[in-house]
Amino acid sequence: MLDLDATDRRILTVLQKEGRVTNAELSERINLSPSACHRRVQRLEEEGYIAGYVALLDARRMGRPTTVFVEITLQGQADDLLDRFEREVARVPDILECHLMAGSADYLLKIIAQDTEDFARIHRQYLSRLPGVAQMQSSFALRTVVKTTAMAV
């Protein structure tokens, strides 16, 4: 973050919200020549500030409007158990995020499903088979209040 100047920050702010903006449009919005803007974007990509570009899908339109957060507590904290759990959880197609946590649960999962029946299928088919699980607590999101992928720069 120390290598970023105000222009780099403006570039990142625009690209986070509009990843498909053309270089010409971006350069105009941040008041920089197209060639200088292109060089900066390339540098930001090469240095890892920009990790990639994606299309964000609408879960409702994709028939997956139900968001479930699952707290998982493992039977222990041995490295081999954590490694096995993380390898297996990465294979579950319905999991959008998995975080190793500090606090009462070891992991927090974010899962999307069609409905409660679909979540029951995911639970039965995948979650109940994860290695080393001692306890699982699921919470269904009623409504999303804030959702963004853009962080303050």
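Sequential numbering from 1 along the given sequence is applied to the chain's residues. Worth saying up front: this structure is predicted, and the values here are computed from it rather than measured.
Across I30 and R10, no two heavy atoms sit closer than the pair O-NH2, 3.1 Å.
Residue I50 holds its CD1 atom at 7.5 Å from CD1 of I11, rounded to the nearest 0.5 Å. Rounding to the nearest 0.5 angstrom, the gap separating the SG atom in C37 from the CG atom in L26 is 3.5 Å. Taking CD of Q114 as the start and CE of M62 as the end, the distance is 11.0 Å to the nearest 0.5 Å. The NZ atom of K17 lies 12.0 Å from the CG atom of L12; values are rounded to the nearest 0.5 Å. Of the inter-residue distances, the one linking T73 atom OG1 with D106 atom CG reads 5.5 Å to the nearest 0.5 angstrom.
In the hydrophobic clustering, L96 connects to I112, either directly or through intervening members, whenever side-chain heavy atoms lie under 4.5 Å apart. Clustering of Ile, Leu, Val, Met, Phe, Trp and Tyr side chains at separations under 4.5 Å places L81 together with V68, V70, I72, L74, L82, F85, V89, V92, I95, L100, Y107, L109, I111, F119, I122, Y126, L127, L130, V133, M136, F140. Hydrophobic clustering, defined by side-chain heavy atoms of Ile, Leu, Val, Met, Phe, Trp and Tyr closer than 4.5 Å, groups M101 together with F69, L108.
Here the side chain of D118 pairs no donor or acceptor atom with the backbone of A113 at under 3.5 angstrom. No side-chain donor-acceptor contact under 3.5 Å links R40 to the backbone of T7.
Heavy-atom contacts from other residues, nucleotides or ligands closer than 6.0 Å to CD of E97 number more than 12. When the shell of 6.0 Å around CD of E28 is examined, it contains 12 or fewer heavy atoms from other residues, nucleotides or ligands.
Using a 4.0 Å cut-off between charged nitrogen and carboxylate oxygen, E46 and R39 do not count as a salt-bridge pair.
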For this session: Give the intermediate values and the outcome of salt bridge (charged side-chain N to carboxylate O under 4.0 Å, His left out) for residues E25 and R20.
Result: CA-CA 10 Å; E25 233 181 292; R20 289 184 57 151; over 6 Å; no

Exercise. Passes side chain to side chain contact (heavy atoms under 4.5 Å, CB included), T149 versus Q16? Steps please.
Worked result: CA-CA 7 Å; T149 59; Q16 282 189 99; 5.9 Å; no

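Every side chain to side chain contact (heavy atoms under 4.5 Å, CB included) that E47 has, sequence neighbours left out, goes to R43, Y49. In this structure, the salt bridge (Lys or Arg N to Asp or Glu O under 4.0 Å) partners of E88, at least two apart in sequence or on a different chain, are R91. For R143, the side chain to side chain contact (heavy atoms under 4.5 Å, CB included) partners are V145, not counting sequence neighbours. T144 is linked by a side chain to side chain contact (heavy atoms under 4.5 Å, CB included) to K147, counting only residues two or more places apart in sequence or in another chain. Scanning for salt bridge (Lys or Arg N to Asp or Glu O under 4.0 Å) contacts around R84 gives an empty result, with sequence neighbours left out. Considering only residues two or more places apart in sequence or on other chains, Q125 meets the side chain to side chain donor-acceptor pair (under 3.5 Å) condition with R121. A24 meets the side chain to side chain contact (heavy atoms under 4.5 Å, CB included) test with T22; sequence neighbours excluded. Listed by chain and number, the residues in a side chain to side chain donor-acceptor pair (under 3.5 Å) with D94 are R64 (sequence neighbours excluded).
Residues in residues 51-63 take part in these side-chain hydrogen bond (donor to acceptor under 3.5 Å, both in side chains) pairs, two or more places apart or across chains: E45-Y53.
Side chains of H123 and R129 form no contact here, defined as non-hydrogen atoms less than 4.5 Å apart.
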